[in-house]
Engineer: 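Sending over a structure as structure tokens; questions will come in a sec.
Bear in mind the structure is a predicted one, so any value in this text is a computation, not a measurement. Along the sequence shown, the residues carry numbers beginning at 1.
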Amino acid sequence: MRILIVTAGSRGDVAPFTGLGQRLLDAGRQVAVAAHLPFAGLVAGCGLDHRPLPGDPQELIRARALATSPAEARAVTSAFLERLANGVVAAVEEGTDLVLTAFGPASLSEAVGEAFAVPVIGTYLAPAFATREFPLPGVPGADDLGPDGNVAAGRALLARAGTLQEGVLTRLRTRLGLPAAVGPVQGGRTRPVFHGFSPRVVPRAADWPSEVR
């Protein structure tokens with residue numbers, strides 16, 4: 001079986017997936033990792049094939065910091081995501097039987113997998129589903145907001161993240177001949193999902209969907 005892992009972002013978004021890739025390699029699978037060019041050496045050094053994704057996250061951060069308005073910052077991010085979407089298409093086009101996707105590019109991976117009839121499984125490094133039990137990482141303030149507050153803050157966080165990709169995803173799905181996406185944009189439809197942390201660190205939330213583990 002050929003497995004493609006799709007991840008985007010900093011070294012911390014890529015390095016954990018090289019460990020997953022090595023375990024899959026040891027189990028007899030063929031494994032490629034689609035990641036930004038600065039991480040080609042990291043991926044290859046772990047014995048995995050590298051499929052390049054365009055763009056450099058550090059350059060994106062610098063460009064956003066230099067933006068003179070929120071509109072310019074959004075335009076910079078949108079251009080980065082457009083190139084990322086093209087890279088995911090190219091990576092899947094090279095051939096694979098299964099896509100494992102990080103949370104960030106999940107909606108893009110899902111669309112491309114749908115277009116090429118390749119199953120997609122979410123492999124997320126942090127909790128990525130709103131829950132009554134705790135606030136999601138990234139929610140302002142570290143304190144428990146209470147059951148209703150935790151859910152509301154988590155949904156708001158995911159909605160903001162999804163808004164960044166909405167236009168790019170719409171154009172990608174149109175280009176691939178797919179219908180418009182229904183439901184949450186930011187990785188909300190991908191199933192099943194396996195989170196990459198121990199339940200001893202963060203216990204599985206009882207109100208997560210059954211396919212989320």
Engineer: Which residues pass the salt bridge (Lys or Arg N to Asp or Glu O under 4.0 Å) test with Arg171, not counting sequence neighbours?
Structural biologist: Glu82
Engineer: Which atoms form the tightest heavy-atom contact between Pro137 and Ala126, and what is the distance?
Structural biologist: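 For Pro137 and Ala126, the tightest heavy-atom pair comes out as CG-CB, 4.4 Å.
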Engineer: For residues 60-101, pull every pair meeting ring-ring contact (aromatic ring centres under 6.0 Å, His included), keeping only residues two or more places apart or in separate chains.
Structural biologist: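 For residues 60-101, and leaving out neighbouring residues, the ring-ring contact (aromatic ring centres under 6.0 Å, His included) pairs sorted by first residue read His36-Phe80.
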Engineer: About how many Å separate CG of Leu108 and CZ of Arg173, when rounded to the nearest 0.5 Å?
Structural biologist: 10.5 Å
Engineer: When you compare the side chain of Phe129 with that of Val193, does any pair of heavy atoms fall below 4.5 Å?
Structural biologist: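 Yes, at least one pair of side-chain atoms sits under 4.5 Å.
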Engineer: With distance as the sole test, does Ser78 use its side chain to make a donor-acceptor pair with the main-chain N or O of Arg74 at under 3.5 Å?
Structural biologist: no
Engineer: If you define the side chain from C-beta out and look only at heavy atoms, does anything of Pro54 sit under 4.5 Å from Leu84?
Structural biologist: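 Side chain of Pro54 against side chain of Leu84, heavy atoms only: no contact under 4.5 Å found.
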Engineer: Using the rule that Ile, Leu, Val, Met, Phe, Trp and Tyr join whenever any side-chain heavy atoms are under 4.5 Å apart, tell me whether Ile61 and Leu81 fall into a single cluster.
Structural biologist: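 Per the 4.5 Å side-chain linkage, Ile61 and Leu81 are not co-clustered.
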Engineer: Linking Ile, Leu, Val, Met, Phe, Trp and Tyr through side-chain heavy atoms less than 4.5 Å apart, which residues share a cluster with Val14?
Structural biologist: Met1, Ile3, Ile5, Phe17, Leu20, Leu24, Leu25, Val31, Val33, Phe39, Leu42, Val43, Leu48, Leu98, Leu100, Ile121, Leu125, Phe194
Engineer: Suppose the criterion is side-chain hydrogen bond (donor to acceptor under 3.5 Å, both in side chains): which pairs have a residue in residues 83-104, not counting sequence neighbours?
Structural biologist: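 As it turns out, the side-chain hydrogen bond (donor to acceptor under 3.5 Å, both in side chains) pairs with a partner in residues 83-104, which skip direct neighbours, are Arg2-Asp97, Asn86-Arg175, Thr101-Ser109.
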Engineer: How close do Pro203 and Phe134 get, heavy atom to heavy atom, and via which atoms?
Structural biologist: O-CE2, 4.0 Å
Engineer: Does anything in residues 54-64 form a side-chain hydrogen bond (donor to acceptor under 3.5 Å, both in side chains)? List the pairs, not counting sequence neighbours.
Structural biologist: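 Residue pairs passing side-chain hydrogen bond (donor to acceptor under 3.5 Å, both in side chains), neighbours aside: Arg64-Thr77.
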Engineer: For a quick test of reading the model, state the closest non-hydrogen atom pair linking Ala34 to Ala91 and the distance between them.
Structural biologist: CB-CB, 3.9 Å
Engineer: Give me each pair satisfying side-chain hydrogen bond (donor to acceptor under 3.5 Å, both in side chains) with a member in residues 6-28, each pair once, sequence neighbours excluded.
Structural biologist: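 For residues 6-28: Ser10-Asp13.
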Engineer: Measure from the side-chain N and O atoms of Glu72 to the backbone N and O of Thr68, and report whether any donor-acceptor pair falls under 3.5 Å.
Structural biologist: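 The answer is yes, because a donor-acceptor pair under 3.5 Å joins these two groups.
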Engineer: Minimum heavy-atom separation for Pro52 to Leu37, with atom names?
Structural biologist: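 Taking Pro52 first and Leu37 second, the nearest heavy atoms are CB-CD2, 3.6 Å.
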Engineer: Is there a donor-acceptor contact under 3.5 Å from the side chain of Asp207 to the main chain of Arg132?
Structural biologist: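 The answer is yes, because a donor-acceptor pair under 3.5 Å joins these two groups.
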Engineer: Verify, without hydrogens or angle tests, whether Arg191 (side chain) and Glu211 (backbone) share a donor-acceptor contact under 3.5 angstrom.
Structural biologist: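 Not at all, since once roles are kept as given, no pair shorter than 3.5 Å links the two residues.
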Engineer: Donor-acceptor pair, distance only, cut-off 3.5 Å: does the side chain of His50 make one with the backbone of Ala35?
Structural biologist: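 Such a contact is found between His50 side chain and Ala35 backbone.
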Engineer: Do Arg204 and His195 have side-chain heavy atoms sitting under 4.5 Å apart?
Structural biologist: no
Engineer: Between Ala73 and Ala67, what is the shortest heavy-atom contact and its length?
Structural biologist: N-CB, 3.6 Å
Engineer: Same cluster or not: are Val151 and Val202 linked, directly or through other Ile, Leu, Val, Met, Phe, Trp or Tyr residues, by side-chain heavy atoms under 4.5 angstrom apart?
Structural biologist: no
Engineer: Within the structure provided, determine whether Leu136 and Leu158 are in side-chain contact (heavy-atom separation under 4.5 Å).
Structural biologist: yes
Engineer: For the residue pair Leu172 and Val89, establish whether any side-chain heavy-atom pair is separated by less than 4.5 Å.
Structural biologist: yes
Engineer: Say whether, by atom type as modelled, one donor and one acceptor occur between the side chain of Trp208 and the main chain of Arg213 under 3.5 angstrom.
Structural biologist: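 Pair absent, no side-chain N/O of Trp208 close to backbone of Arg213.
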Engineer: Just by modelled atom types, is the Leu145 backbone N or O under 3.5 Å from a matching donor or acceptor in the Asn150 side chain?
Structural biologist: yes
Engineer: What pair of heavy atoms forms the shortest contact from Gly122 to Thr190, and how long is it?
Structural biologist: N-CG2, 3.6 Å
Engineer: Okay, side chain of Gln165, backbone of Gly104: is any donor-acceptor separation there less than 3.5 Å?
Structural biologist: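 A pair under 3.5 Å: yes.
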